[in-house]
Structure formats: C-alpha cells, structure tokens
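Every chain is numbered from 1 and lettered A, B, ... according to where its sequence line falls, protein lines coming before strand lines.
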Amino acid sequence: MIDTILDDLNEVQCEAVVNYEGASLIIAGAGSGKTRVLTYRIAYLLSRGVAPQTVLALTFTNKAAREMKERISNLVGPSTRRLWIGTFHSIFARILRTEAEHLGYTSAFTIYDTTDSRSVIKSIIKEMNLDENRYKPANVLGRISMVKNNLVTATAYQANGEAQAQDAAYRQPRIADIYKAYAAKCKNANAMDFDDLLLNTNILFHYHPDVLEKYQRIFRYILVDEYQDTNTAQYLIVKKLTAASRNICVVGDDAQSIYSFRGARIENILNFKNDYPEYKEYKLEQNYRSTQTIVNAANSVIEKNRRQLKKHCFSEGHVGEKISVIKAFTDQEEGFLVASSITDYLYREHADYNHFAILYRTNAQSRIFEDALRKKNIPYKIYGGLSFYQRAEIKDAVAYLRLIVNPNDDEAFKRIINYPTRGIGDTTLDRLQMAATQLNVSLWTTMNTVSPDQMGIRSGIAKKMKEFASLIDSFKTRALSDDAYQLAYDVIKRSGMLADLRDNKTPEGVAKYENIEEFLNSIKEFIDNQQAESEETNTFIPITQYLENIALVTDADTDKPEDRNKVMLMTIHSAKGLEFNYVYIVGMEETLFPGSMSSQSEQDLEEERRLFYVAVTRAAKKASVSYAQIRYRWGNLTSNLPSRFLREIDAVYLDNAEWATVRSNRITANDDNTPRETYSLKQGIPATQRTPQARNTIVPKSSLPQDEFIPDKAADIQAGMEVEHKRFGTGKVISIEGNGSDIKAIVNFYVAGQKTLLMKFAQLRIVK
DNA sequence: CGGCCCCGCGTTTTT
DNA sequence: CGCGGGGCCG
C-alpha cells in the first residue's frame, strides 16, 4: 500500500518522505505539495513500524492540524488517533496540564484570551495609579507578549538594563512593574495567557530536566509545519525536545513568513543548518496549484526582497489568464466592480461560489464587500473576524463554566458576579478587589475567607455573595457527574441567564437567545465528536475537556455545511495555506497595503511584500487586484496612490487594458443616493487631496494643483457665509461650534452634503 | 446601583 | 463610522 503511495510524489517529494531519520529541512514553495509531503512522511513512518504515539507534528492553526490528521488517516487508517498532531499552543497546553504542579499551577488552569489579559493589565494600571494615556493596556500587553516570546520573565525583565532604558525612553518606566504584577495576578488566578503556554513549557523543561527527558523519550520524531513562523519560545521548545533524538523535520517557506509582528523569527529557518549541521535539504519548487502566469508574477514580486533562501518556483500548468487590475474610483465602486467580476466568472466558467475569495489587508475592509455582494445576492462568508466565542452572551456562559472549573479565575469571576443582576455592584467589587490584591489571592478566595465588614461590605450584600458562592459550589458538585452538555444547560438555566435573555424581546435579545441555543448545540456536537473519536461510545466528556478545547479555537476553525458554497472573505493572514480558483486582492493602495506602519523600515516592507506574495499564490486559475482612488477611513475620505506592489509585478503578467485606462466616473454601486459618492473626477483626486485631514495621502509632484488655492483664516469664517473647500466644493456655513483648538464648522456643501470640519485643519476660502 | 448617553479613540495582521 | 468605556442621572 505505502509503496504505491510513493507513486503520487515527484522525485524530491519522495526523497523528503523516505529519508525520515535525522534532520530535514524542507523548503516548500507555495503550492508545492507541502502538506502532502508532511502527511506522506508520517504515513511512511507508521508503515515502517514507528509507533504513532512517538510522533509529534506541530502546526500553527487547528485547521492545519485537523487537515493533516484527516489526510493521514485516509492513507493509513485509524491508527492516527494516537499521533500527537496539534498546534503548538494546544499540544503544550496539554503537557502543561499534566505537569502543572511542577510550576505551582493546578491542571485546571484557565487559558486567558487576549481580552482577559488586557483587562488584567488595565486593572493593574488603575491600581498603580498610572497615567492611562501613557500606559495603554493593549500596548503594554503587546510589549509583555513580545518579551515573553523571547523567554524574558518579569524578574529578568526588571533586571535587564537595556529593557529598562528602552521603556524609560518611551516614557513608560513602569512596564516592568506592570509585568510583574500581571504575572502575579495570572498565577493567583491559576491562569496562563497564550504566551505563557510557550514560556512555561520552556521553564518546565529548563528547571525539570527529568520532565524534559521524559518528553524527549516520548517524542522520537518531531515535525514542524510553517517553521518560518516559529518564535523564539517555540524554536527553543523544539530544539530541546529534539536534542537527544535529533530526528527533526521542518517544513517552511521563508517567502511566506508573515508573522514577525508577533515574534516569529525568519532566522529560525534561515539558520537551521547551524543547529543541525548534519541536515539534509529538500527543495520543493514545482507549484501544482497555480497557472504559470500567477507563479511567475508572484516570483517577480518576491525577487525584490533581499534576504531569502535561493529557490526557483515554477509551474508546468496552463499559462492562464493575466492578472487583472481593477481600478475603482471609490471604495464602494471597488466593491461593486469586484462583485461584478465574480458574477462574470460565475456565468462564464460555471464556477461555484466557494471558488472565489476576496482577500484584504485589514478586517475593517470587509464591510464594503459584504454590502456589494449582498446587493447582488451573492452568498458570502466572512472567515475569521469576530469569533462566536467573543460574543458577550457566550462569554458570559463560558465565564460560569470557567469559574466552576477554576474558581480562582478572576476574569470569569468579574464577568458574572453581577450577571444576571444580583445587586453586587462596582463598589463592592472594588472593595473585594482591594482586599484580594493585598492578600495576593483570588477574588473567590477573598470573598469566601475575608469577613465582609473587614472589607466594608454591608451584610445585605454579603448575603448575596454567599448565595452566589453556593450557586457556584453546587455547580462544582454537579460537574463531577454531569457531562459538559448537562452542566452547561443547568448553568444557563439556574444562573438566571436564560430567563434574562428570554425576557429581552429586542432583536438583539432574540439573537442572543439564539446564540445561547447554538452554544448548547455546539457542546452537544463536541461531545458526540469526542465520543466518536475515542473507542467507546459512552465516554464521559466533562466540562473541563470542552473548555480546554474552546480556549484555543477560533472562528476560522468551525466549518458549517451551510457555509460550504459561499464566496470567502478574509484577511490575507488567515488565507495562508488555503487556495481558491479566483482570488481578488483588494485595497491595493499605499498606506493600506503596504500599511502606513510598514513603509518606514525595509524589514517591515519586506514582510508586507511576502504577505502580497502569499495573497497572489492563493490563486489557482486567476488573480485580480483592485484599488480605489478614494476611500473612507475612520470616517474620513482619504486618497492614496496605487500600491507599489502593483508596479513590482512584471507588467507582462498584467492585463494592461484595465490598468492603463482611466475610467470615467461611473455612478455605480452607490445607488443609495448618498450625495458624498457623486464626485466628478475634476473635483476629486488625487490632485486636490493635499488638505491636512488627508495627510496620509501621498501625492505625486506632477499632479499638484495647477491653480493656487489660498484658504482664509479660520477666525474669519462665520456662520452664514458661503465657503469653498478644495475637496467638497462650495457650501454654506451652518454654524461654528466648540472652543479652544476644537472649533468646528458645520458646512452644508451643495454637492458633498453636510460636513463637520475641524477648523484647525480645514482649509476654507470665503466666497461671500 | 443600574441604565443610558456621550465622548473619544482606533486600524494591521492572530494562536 | 462603529465600538467600548466612562460618567452622569434617575
């Protein structure tokens, strides 16, 4: 069986599969059959008598892990169940649960998501009386996350002169203290954040060599997917685990490294040869996915990057269609044109909806395309984005379950102590929190051990707290005998959540109620799946198992059958690893893609270029790129130049007809008759975009306004005047409002409609 | 103490 | 523009 399987592989792929001993570096270009090699290699290992429980395969997404499992079991049958295949985070979370007591945790520890972490940081900033403008929670958390990924603990960070100097330079000298307090609070809550899962694994292996040895013995063969995206913490875990066996196989493509913003180090793959000098290298260069045009066009772009491993990707498929450049006047027109193009291909090539993907740089861009597709009755699915589990009502339900499993989970506690309303308000919580911080214990412990009047809590409220405590305690008891579904159902009912939602007859209330129903269904489904996977049918699936699962799952992991045949909308990041026949890469504009944050440094720019490379190589048959001359960005009109990446595509692969033509101003998607969309080309862009409001704008010198526009002084402008604005044309000043530097003029423009303009920015000329 | 309203802020990208 | 958080009022 296995030998016939090898017939499916080309020569290099076959070599990479068969030589499974020792260190292997597989450089796998986009579409070169990377997953195929990985899965076949594992299947081959098994066929050679390697025990499945000694094989560890690490991926970055649950989807990749699931796909790998599926494909292997298609090759070799059910023996795959004992293989260790999962994401870095899930595998090491599992190990940490087993070894928790070595680190002073219990195996019931909670995994904090980003929202939880941010909230902890926020409360610390408050407690420390720090300037909330200078210390932004998301910012501080980002910094802590970065250093954690470099294995710098709070104590080490405090002692690190360089880090201290840097924080001082950024006028955030207390970050080390925040970090320390944050680590303490997580520990007291028996909680780990995403980064802790990797950091603590390293700590575990460092301070407990016996434990490390145990796992070195277990994992005889380690395979790592997307190796170019590993951060230092992940890299070191792998290095430690393979130190004895030296059986390691990493697969990756430096050209697709797009996660350096969260600590990924492209050096890990570039320097593989230093760590494993005995390594063998395999280059998968033939692309089986895309047309020659697409592969060549992608190559012509990525060539501009300086640091990369040498390889030559090629396709022997059809030459295929050239890449279309869709030039739109406004963001709405961009949506319309892309939707129209999709309709064209649907008819012309009898394509299905799910053959199409719209890829964008930032999630905020999705709206426009949703609107455009909806208008044409094209079904679509937004992939990623706000997860089901991030909805308020689901988080509430999950918070109950989390608190039952781990009563020290302060974030869960805070979320539900007064939901549904039971008369325990902010003041009480503040007092509780103060006591808890002083005692260095969780809110739950404080509530149950400190006398209420010591905290200044009146007896009426204390009674309510007791009731809450015994409610949770009763759930804890039931959790021992009830499975995840029974418990969740009971919790939602007896906590009062269900009644609270049922009484809410607003549309949002109804939606929430339905979401809770869906939540319960998903638990039921989870139990069924787990039982199907284990040998017996009646395995008891406790709530702990369900919680472990959802902490590390994202929306991208759920695939519902009704979403199968829809146009997919997603960020380029989440498109990595996927393929579609027809791909639209939208928002190809300077400051958007490449983003304004990235065009400063050459390194960041190279990462953006790799991102573009990833986007183009998602397409099998046809890629299109689009941009808009003007678009709304945080409520303001902005205008940007077409992305430099368009110019970097070798022009022979472009469908130049559309690229070169300046189309006349068509009234298109904006049939909702908002006046602001009816610009004439003459009034518009890009020549007249040089107002301070549009200071993101990059305007070529040649197209600066020919006629002088001299604005009048802001102080001279008064209500009732007729004024002219470079972009909005003429209009009447309705009123002047505000004071200080925030004086605003409300102007009703004849064409553009009513606008509120900040006087310190707006340049207005008095007409009369 | 809870609900409502207003203000201010934000955009990369995600396990 | 849309969301979340904070503040104010009932």
OP1 or OP2 of [N] under 4.0 Å from side-chain N/O of [X]:
| X | N | value |
| --- | --- | --- |
| A/Ser574 | B/dT13 | no |
| A/Thr428 | B/dC1 | yes |
| A/Thr427 | B/dC1 | yes |
| A/Lys136 | B/dG10 | yes |

Go through the structure and list residues passing ring pair (Phe, Tyr, Trp, His ring centres under 6.0 Å) with [X], not counting sequence neighbours.
| X | result |
| --- | --- |
| A/Phe369 | none |
| A/Tyr170 | none |
| A/Tyr360 | none |

Do you see a donor-acceptor pair shorter than 3.5 Å between the side chains of A/Glu333 and A/Thr330?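 Looking only at side-chain atoms, A/Thr330 and A/Glu333 do not form any donor-acceptor pair under 3.5 Å.
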
Using only heavy-atom distances, determine whether the side chains of A/Ser598 and A/Asp604 contain a donor-acceptor pair under 3.5 Å.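 Absent: no donor and acceptor within the cut-off.
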
For [X] and [N], give me the distance from atom [atom1] to atom [atom2], rounded to whole Å.
| X | N | atom1 | atom2 | result |
| --- | --- | --- | --- | --- |
| A/Asn636 | B/dC9 | CG | P | 15 Å |
| A/Arg610 | B/dT13 | CZ | P | 18 Å |
| A/Ile91 | B/dT15 | CD1 | P | 16 Å |
| A/Asn363 | C/dG2 | CG | P | 16 Å |
| A/Asp113 | B/dT14 | CG | C1' | 12 Å |

Report which part of the nucleic acid [X] touches: base, sugar-phosphate, or nothing (heavy-atom distance under 4.0 Å, all strands).
| X | value |
| --- | --- |
| A/Thr571 | sugar-phosphate |
| A/Tyr259 | sugar-phosphate |
| A/Gly425 | sugar-phosphate |
| A/Phe60 | sugar-phosphate |
| A/Asn418 | sugar-phosphate |

Please list all pairs passing the salt bridge (Lys or Arg N to Asp or Glu O under 4.0 Å) test where one or both residues lie in residues 456-465 of chain A, with sequence neighbours left out.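 Passing the test, one end in residues 456-465 of chain A: A/Lys463-A/Glu467.
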
Kindly point out which of [options] is positioned nearest to the side chain of [X]?
| X | options | result |
| --- | --- | --- |
| A/His89 | B/dT13, C/dG2, B/dT15 | B/dT15 |
| A/Arg367 | C/dG2, B/dT11, B/dT14 | C/dG2 |
| A/Ile461 | B/dC1, B/dT15, B/dT14 | B/dC1 |

Can you sort out the partners of [X] under side chain to side chain donor-acceptor pair (under 3.5 Å), two or more places apart, ordered by chain and number?
| X | value |
| --- | --- |
| A/Gln172 | none |
| A/Ser257 | none |
| A/Glu648 | A/Arg609 |

On a heavy-atom basis, which atom in A/Asn231 and which in A/Gly263 lie closest, and how many Å separate them?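 Closest heavy-atom pair between A/Asn231 and A/Gly263: CB-O, 3.1 Å.
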
Between A/Glu608 and A/Asp426, who's closer to the 5' end of DNA chain B by nearest nucleotide?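 It is A/Asp426, whose closest nucleotide lies nearer the 5' terminus.
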
Are there any protein N/O atoms within less than 3.5 Å of an N/O atom in nucleotides 3-8 of chain B, and if so, which ones and at what distance?
none

Could you give the distance separating B/dT11 and C/dG6 at their C1' atoms, to the nearest angstrom?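 The same atom, C1', in both gives a distance of 23 Å.
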
Hey, what are the protein-to-nucleotides 6-10 of chain C N/O distances that come in under 3.5 Å?
from: C/dG6; atom 1: OP1; to: A/Lys122; atom 2: NZ; distance (Å): 2.8

